[in-house]
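Working notes, beginning with the structure itself.
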Amino acid sequence: MSEKISVLLSDVTIKGDVVEKEKLITDSKIDGDITSENLVTHHGSKINGNISASNVVLGGASKGNINSDKISIKSTAEVEGVLNQKNLSVEEGAKLKIKTETY
């Protein structure tokens, strides 16, 4: 059984919360909280809200708190907020204004 993937491209703007049971890939602007099993944001994405997901890969701008088992921050990311995670990886070049706590 293949996983379901929702893709939000760069021409999409969402005001409100986003809930995806499986995988969400976004390059869009989201003004609201995101709940997903897996979240991948690309370089053009701007998220203003809290993120709750099992696995998060951040490549774009994110402002808000993130709760996740595993957070990967790419070199293109700009992240601001409080991170709560089991595993955190950060690529060189990422711009961070964060507080982080590993649980």
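Between the side chain of T41 and the backbone N or O of G59, at least one donor-acceptor pair lies under 3.5 Å. N50 places a side-chain N or O within 3.5 Å of a backbone atom of N65 that can act as its donor or acceptor partner. Under the 3.5 Å distance criterion, the side-chain polar atoms of S28 are left unmatched by any main-chain donor or acceptor of S45.
Shortest non-hydrogen contact noted between D27 and H42 is OD1-CB, 3.4 Å. A pairwise comparison of heavy atoms in I73 and A94 identifies CG2-CB, 3.7 Å as the closest pair. Taking every heavy atom of both residues into account, E91 and K74 meet most closely at OE2-CD, 3.3 Å. Residues V56 and I66 share a closest heavy-atom pair of CG2-CG2, 4.3 Å. Contact between L58 and A77 at its shortest, heavy atoms only, is O-CB, 3.5 Å.
Following chains of ILVMFWY side-chain contacts shorter than 4.5 Å, one can reach V57 starting from V7, so the two form part of one hydrophobic cluster. Each of L9 and V18 belongs to its own hydrophobic cluster when Ile, Leu, Val, Met, Phe, Trp and Tyr are linked at side-chain heavy-atom distances under 4.5 angstrom. No continuous path of ILVMFWY side-chain contacts below 4.5 Å connects I71 to V40, so the two sit in separate hydrophobic clusters. Cluster annotation: L83 and I47 are assigned to the same hydrophobic cluster (Ile/Leu/Val/Met/Phe/Trp/Tyr, side-chain heavy-atom contacts under 4.5 Å, transitive).
Considering only heavy atoms from C-beta on, L96 comes within 4.5 Å of V90 through its side chain. With contacts defined as side-chain heavy-atom distances shorter than 4.5 Å, the pair K29/V12 does not qualify. In this structure the side chain of I34 reaches within 4.5 angstrom of the side chain of L39, judged on heavy atoms. A 4.5 Å side-chain heavy-atom check between L88 and T100 finds at least one atom pair inside the cut-off. Looking at heavy atoms from C-beta onward, I51 lies out of side-chain contact with S68 at the 4.5 angstrom threshold. Residues I25 and I5 form a side-chain contact, since some pair of their non-hydrogen atoms from C-beta on lies under 4.5 Å apart.
Checked against side chain to side chain donor-acceptor pair (under 3.5 Å), S6 has the following partners two or more places apart in sequence or in another chain: E20.
For the atom pair CD of E101 and CG of N67, the computed distance is 10.0 Å after rounding to the nearest 0.5 Å. Here the CD-NZ distance, from E80 to K63, works out to 4.5 Å after rounding to the nearest 0.5 Å. Residue K21 holds its NZ atom at 11.5 Å from OG of S36, rounded to the nearest 0.5 Å. Here CD of E37 is found 11.5 Å from NZ of K23. Values are rounded to the nearest 0.5 Å. Residue K70 holds its NZ atom at 7.0 Å from CG of N87, rounded to the nearest 0.5 Å. The OG atom of S10 lies 11.5 Å from the NZ atom of K46; values are rounded to the nearest 0.5 Å.
A donor-acceptor contact under 3.5 angstrom links the side chains of T102 and Q85, judged on distance only.
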Next on the checklist: Assess the residue pair L8 and I30 against the criterion (side-chain contact (heavy atoms from CB on, under 4.5 Å)); give the C-alpha distance rounded to whole Å, side-chain angles, the decisive distance to 0.1 Å, and a yes or no.
Outcome noted: CA-CA 10 Å; L8 299 173; I30 299 174; 4.0 Å; yes
